[in-house]
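Quick caveat: nothing in here was measured; it's all calculated off a predicted structure. To find a chain, count down the sequence lines: A is the first, B the second, and so on, and within it residues start at 1.
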Protein chains: 2
Amino acid sequence: MRLLLSSGGNSSLSSKQKTILNTQIEELFRGLDEVIFISYAQKNRIRYTTKVREKSWPLKNIKLIGIEEYDDPYDAIKNAKGIYVGGGNSFLLTHELYENKLIKILNDVIKSGIPYMGVSAGTNIACPTMMTTNDMPIIMPEKLDTLNLVNFQINPHYHEGPVWLKNEEGYVEHNGETRAQRINEYHQNNIIPVIGLFEGSLIKWQNQKGKLMIGDAVIFHKGKIPKKIKNGTYLNNNLEII
Amino acid sequence: MRLLLSSGGNSSLSSKQKTILNTQIEELFRGLDEVIFISYAQKNRIRYTTKVREKSWPLKNIKLIGIEEYDDPYDAIKNAKGIYVGGGNSFLLTHELYENKLIKILNDVIKSGIPYMGVSAGTNIACPTMMTTNDMPIIMPEKLDTLNLVNFQINPHYHEGPVWLKNEEGYVEHNGETRAQRINEYHQNNIIPVIGLFEGSLIKWQNQKGKLMIGDAVIFHKGKIPKKIKNGTYLNNNLEII
């Protein structure tokens, strides 16, 4: 299985980090003539696919085809050579995957070796469930269970500490829960370990192990003190450092 | 129907605002000898009830009884004289309300005139659905439909613009969606109007109309420009200013 899982927020990457990202994408999809883009996390699929194709897709010799361009999305996934799932709203994305009966076939083809890239919501759904999303539940999916490609949960766009708001007088701390508190709430009801990927962070996952290629991350095991890791770190499927 | 709906974050209130809040709570529950506290939004219910009773419940002559103290929560709600639903995680709260078959009976008793106070998650569930929560989906409720006491949605802990993070070098803008963008996503799939209640804001709702008692708010109607309103504003059940 070959996965590339991005936190999203890639516009904040340095030019050196952007080069690493594009090199990894190129390596993942090398030799293919087309990749299917799953645009379901956004309402206007055609506009979303067009934007990604024109603004951020780095492989000009590999055609990026929106899933909305196929008559039969199930057949499209069944015959896919490469899969890229974009960000937006994870509830909407998961809802549409269930509506189109794509959960099992996606799992099958990716486990058979078809390369997969996820960004933000596309990274959330690579996990056992989409329970560690930051998104608003704007639609109810059939289940929160997702592709289950890795044995851990990912919280994309992770950040430490409280957030601050800016007004005329300066910065004011907001009282909302921190991400670490929300992940702790998750662990009050669930035991699966969670990795919080900072904005722009990237995991390369192959053969049951992963490498943090860009950015830092924080690992949460239920009942243990969270552990910050640097890029270059290798992880196993239980989020242990190897 | 008599409701008091708080955004939460009440520790940030000025002492004048705290007085208004406590006066409103006193007025809502006046004449009762006990109020049921629904502690389901947090995992440790006994600890949560104890904390609220000791730290923030302002009515020392009215007993606050945690729902976990009753043998039969359904009977407890059926015979309730006043109801207060605390904050935490809205998915967990809604899950537990369905598990205990309390959605319909809560709706019945509150519509029959039993006074209701909600804070944060407790305010989310007063709406047709809990779709405008900020919480993480740590557990899957049977449905996202909630008490449907008002005809609009509330987004508690609302704030404008992007959030900022603080590191050694100062404040850095975070790339995540703003609340207004998330509410716009909600409106791509739903038509119900939404009010974003700033931290600490409070709505008093009686006889099909509401008054913003503390703080400001922003009103979102699908397809229209959001409208900021000041405390003292009166609203109808369609979130129109009256």
- Query: A:R179 side chain to A:H157 main-chain N or O, any donor-acceptor pair under 3.5 Å?
  - Reply: yes

- Where does the angle between the aromatic ring planes of B:Y171 and A:W164 fall among parallel (under 30°), tilted (30 to 60°) and perpendicular (over 60°)? perpendicular

- Message: Report which part of B:N134 has an atom under 4.5 Å of a heavy atom belonging to chain A: side chain, backbone, both, or neither.
- Response: both

- Query: Contact part of B:E199 toward chain A, heavy-atom cut-off under 4.5 Å: side chain, backbone, both or neither?
  - Reply: side chain

- Query: What about the rings of A:F152 and A:F220, do their centers lie closer together than 6.0 Å?
  - Reply: no

- Item | Side chain, backbone, both or neither of A:P162 within contact of chain B (heavy atoms, under 4.5 Å) | backbone

- Query: Given B:F37, which of B:W57, B:Y70, B:Y84 fulfils the ring pair (Phe, Tyr, Trp, His ring centres under 6.0 Å) condition?
  - Reply: B:Y84

- In terms of heavy-atom pairs under 4.5 Å with chain A, the winner among B:N167, B:T133, B:N155 is B:T133

- Message: Under a 4.5 Å cutoff for heavy-atom pairs, which residue among A:Q42, A:H159, A:M130, A:K143 has the most contacts with chain B?
- Response: A:H159

- Query: Among side-chain atoms of B:N124 and B:S120, is any donor-acceptor pair under 3.5 angstrom?
  - Reply: no

- Note on the structure: Answer key: most heavy-atom pairs under 4.5 Å with chain A among B:H187, B:H174, B:K166, B:E177 is B:H174

